[in-house]
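Atoms within a ligand are numbered from 1 in the order they appear, just like the ligands themselves. Heavy atoms only: backbone and side chains are in, while hydrogens, waters and symmetry mates are out.
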Amino acid sequence: MSNALTHADWQRLAGDLTFETRAFVDDAFVAAVSGETFATVNPATGETLAEVASCDAADAEVAVAHARRAFAEGGWSRRAPGERKAVLLRLAALMEQHKNELALLDTLDMGKPIASSLGDMAGAIGCLRHHAESIDKLYGEVAPTGEDALGLVLREPLGVVASIVPWNFPLMMTAWKIAPALAAGNSVILKPSEKSPLSALRLAQLAKEAGLPRGVFQVLPGFGHTVGKALALSMDVDCLAFTGSTGVGKQLMQYAGQSNLKRVYLECGGKSPNLVFADCKDLDAVARHAAEAIFHNQGEVCIAGSRLLVENSIREAVVDKLLAAAESMQPGDPLDPASFMGAMVDRTQYERVRDYIRRGVEEGATLRTGSDSAAEGPGLFIAPTVFDGVTPQMAIGREEIFGPVLAVFGFDSEEEAVRLANDSEYGLAAGVWSQDIDRIMRVSRRLESGQVFVNNWAGMDQTVPFGGVKQSGNGRDKSHHSLEEYSELKTVWLSLVP
Ligand code: NAD
């Protein structure tokens with residue numbers, strides 16, 4: 001299949017799709033122990049796509065036991081890194097072969113445009129390849145001891161890793177977690193979001209085909225408060241690798257404390273500031289990028305540039321250009337390759353975003369484009385929304401909305417811009433638009449943020465770490481730094497006769 005498929009092609013492919021709906025436990029696709037299922041719904045049409053196994057604590061217990069056994073047997077954990085690499089590269093090749101189908105599953109399940117899902121697949125496959133290729137190039141250390149000893153510093157896998165992921169980039173977030181964890185030799189249990197379980201189950205089929213040993217990779221679809229919580233409280237899970245909201249991240253840390261002090265890596269929410277200085281190069285380009293930064297993926301992006309801070313001398317000009325850019329990004333059928341935005345993931349999220357838009361109006365911000373009234377029809381679409389004259393006291397200026405709603409603030413000095421930017425409980429991403437290298441470096445260093453994008457938004461690749469500071473989390477996905485998170489250092493000290 002070529003990526004240059006038309007809207008009609010994607011509609012036809014969607015009609016032909018079949019779904020794996022069972023959990024993947026110890027190399028077999030099985031119903032939940034309870035026999036319960038939950039519906040997964042296409043938010044663009046309101047149609048139920050499938051009934052999926054609803055796992056709970058009983059399934060978690062079984063899967064953890066298999067994962068632990070697989071780890072202890074060593075068929076993966078003690079296998080030569082070069083051999084693990086070969087299996088993971090096979091999985092990446094299978095994902096490449098099936099990327100249109102995988103992209104379609106995410107689009108149908110959570111409403112994102114197909115063009116965007118295809119971009120996610122490239123990211124997911126690249127991530128898997130990167131970690132597979134890295135793992136046989138990581139060396140241990142020999143400590144600088146005297147000649148009466150040999151101090152070895154070895155890297156070992158942790159054991160059982162539970163990866164709990166969100167719905168906004170279902171397969172890409174999954175890859176960011178499972179690729180380094182598997183490459184490092186761990187047994188991995190994946191819990192996809194209850195709002196987007198289908199691509200994870202297809203991935204399980206491909207993992208089986210690629211030859212991952214039984215029990216090394218398992219998938220438990222279900223809800224957070226049932227199977228997610230059981231994994232997080234398990235005495236036999238060694239690490240939680242989580243991407244999701246800050247509120248749930250805080251709960252996971254408590255669960256770790258209540259159980260076995262498992263490692264907890266969190267990638268959480270954000271309210272990211274995008275700073276535009278009057279000395280930036282090209283206002284048209286800045287406005288277009290600022291619009292993409294918030295409207296991409298319907299604003300359901302952890303690093304959405306949701307706070308636009310503009311120097312007051314150019315603010316009106318930037319907002320005018322922003323409105324024109326927003327106009328060209330209206331939501332459309334997610335199966336149309338020309339759609340820039342699709343549907344909100346579900347009715348809860350849709351109502352939540354509309355509620356924030358109403359609050360923005362009530363709190364006195366100026367609604368420059370967008371509307372708080374409901375869309376017609378079953379599809380959960382929200383138009384790009386821009387508020388000007390936002391202040392840090394307003395809910396739309398502080399809280400993560402996770403929708404296509406931009407809050408524009410004005411500032412008069414660099415000092416004020418940095419203060420406004422850092423006035424947040426979050427610290428995930430930030431942008432700086434300027435041509436003054438001294439200012440760029442001064443401001444980049446002072447921004448409390450896991451990543452700073454200079455004259456771009458969301459520029460990154462697999463070689464750089466991704467993660468947040470403050471309440472945006474403590475983990476780092478991607479790059480060799482994430483491999484370090486999924487392995488433990490062991491010291492072996494040998495006494496020698498000099
Ligand atoms: P969420 O926190 O509601 O859910 C995330 C996952 O946690 C889901 O699989 C869910 O079932 C599970 N979960 C929920 N309650 C649980 C519990 N008590 N115990 C164990 N697991 C539980 O988040 P969401 O709505 O799926 O995703 C949106 C959030 O994710 C946003 O806040 C967004 O910023 C964040 N996010 C962050 C990043 C990042 O890299 N920092 C990336 C994507 C999304």
Side-chain angles (χ1 to χ4, degrees), residues 38 40 52 54-57 60 106 109-110 112 120 123-124 127 162-177 189-197 199-200 219-234 237 240-256 258-259 262 264-272 294 296-306 344-346 348-350 352-353 399-403 424-429 449-451 458 460 465-478 482:
F38 65 92
T40 191
V52 176
S54 187
C55 296
D56 61 21
D106 278 353
D109 225 3
M110 59 71 66
K112 68 164 58 196
D120 294 358
C127 176
S163 304
I164 301 180
V165 297
W167 45 264
N168 60 337
F169 293 91
L171 202 62
M172 196 166 83
M173 292 298 107
T174 292
W176 287 13
K177 299 295 181 208
I189 302 172
L190 169 67
K191 204 230 49 86
S193 168
E194 59 276 19
K195 300 180 186 182
S196 59
S199 61
V219 182
L220 299 182
F223 293 90
H225 63 275
T226 56
V227 65
K229 182 174 175 182
L231 289 169
L233 280 169
S234 169
V237 167
L240 289 178
F242 171 77
T243 297
S245 60
T246 295
V248 173
K250 289 181 182 182
Q251 280 181 305
L252 296 191
M253 285 197 143
Q254 291 181 349
Y255 296 153
Q258 286 164 29
S259 54
K262 53 180 70 63
V264 183
Y265 295 123
L266 304 174
E267 306 289 345
C268 299
K271 187 76 181 175
S272 298
I294 178 66
H296 169 60
N297 213 48
Q298 309 75 244
E300 295 166 328
V301 182
C302 54
I303 55 161
S306 51
M344 306 305 293
V345 68
D346 66 3
T348 308
Q349 185 66 12
Y350 173 80
R352 184 184 135 90
V353 174
E399 297 172 19
E400 183 182 48
I401 299 175
F402 224 54
S424 171
E425 67 196 41
Y426 297 113
L428 193 52
S449 178
Q451 41 264 306
M460 60 179 113
F466 179 93
V469 299
K470 297 160 84 175
Q471 292 188 43
S472 289
N474 60 3
R476 288 295 178 273
D477 287 326
K478 309 199 299 176
S482 66

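Residue L252 places a heavy atom less than 4.0 Å from ligand 1.
Within the 4.0 Å heavy-atom criterion, neither part of A232 lies near ligand 1. Heavy atoms from both the backbone and the side chain of T243 come within less than 4.0 Å of ligand 1. The proximity of T246 to ligand 1, defined as any non-hydrogen pair under 4.0 Å, does not occur for either the backbone or the side chain. At a heavy-atom distance under 4.0 Å, atoms from both the backbone and the side chain of E267 approach ligand 1. The proximity of L231 to ligand 1, defined as any non-hydrogen pair under 4.0 Å, does not occur for either the backbone or the side chain. In E300, neither the side chain nor the backbone holds a heavy atom less than 4.0 Å from any atom of ligand 1.
At least one N/O-N/O distance between E194 and ligand 1 falls below 3.5 Å. Residue K191 has at least one N or O atom closer than 3.5 Å to an N or O atom of ligand 1. Ligand 1 has a nitrogen or oxygen under 3.5 angstrom from a nitrogen or oxygen of W167. Where the criterion is an N or O separation shorter than 3.5 Å, residue side chain and backbone included, D477 fails it with respect to ligand 1.
Under 4.0 Å is where a charged nitrogen must lie from a carboxylate oxygen, and between D109 and K195 no such pair does.
Heavy-atom contacts of Q251 reach the following atoms of ligand 1: 18 (N) (cutoff under 4.0 Å). Near L428, meaning under 4.0 Å from any of its heavy atoms, are these atoms of ligand 1: 41 (N). Distances below 4.0 Å separate heavy atoms of F242 from the following atoms of ligand 1: 2 (O), 5 (C), 6 (C), 7 (O).
Protein heavy atoms are found inside the 4.0 Å sphere centred on atom 25 (O) of ligand 1.
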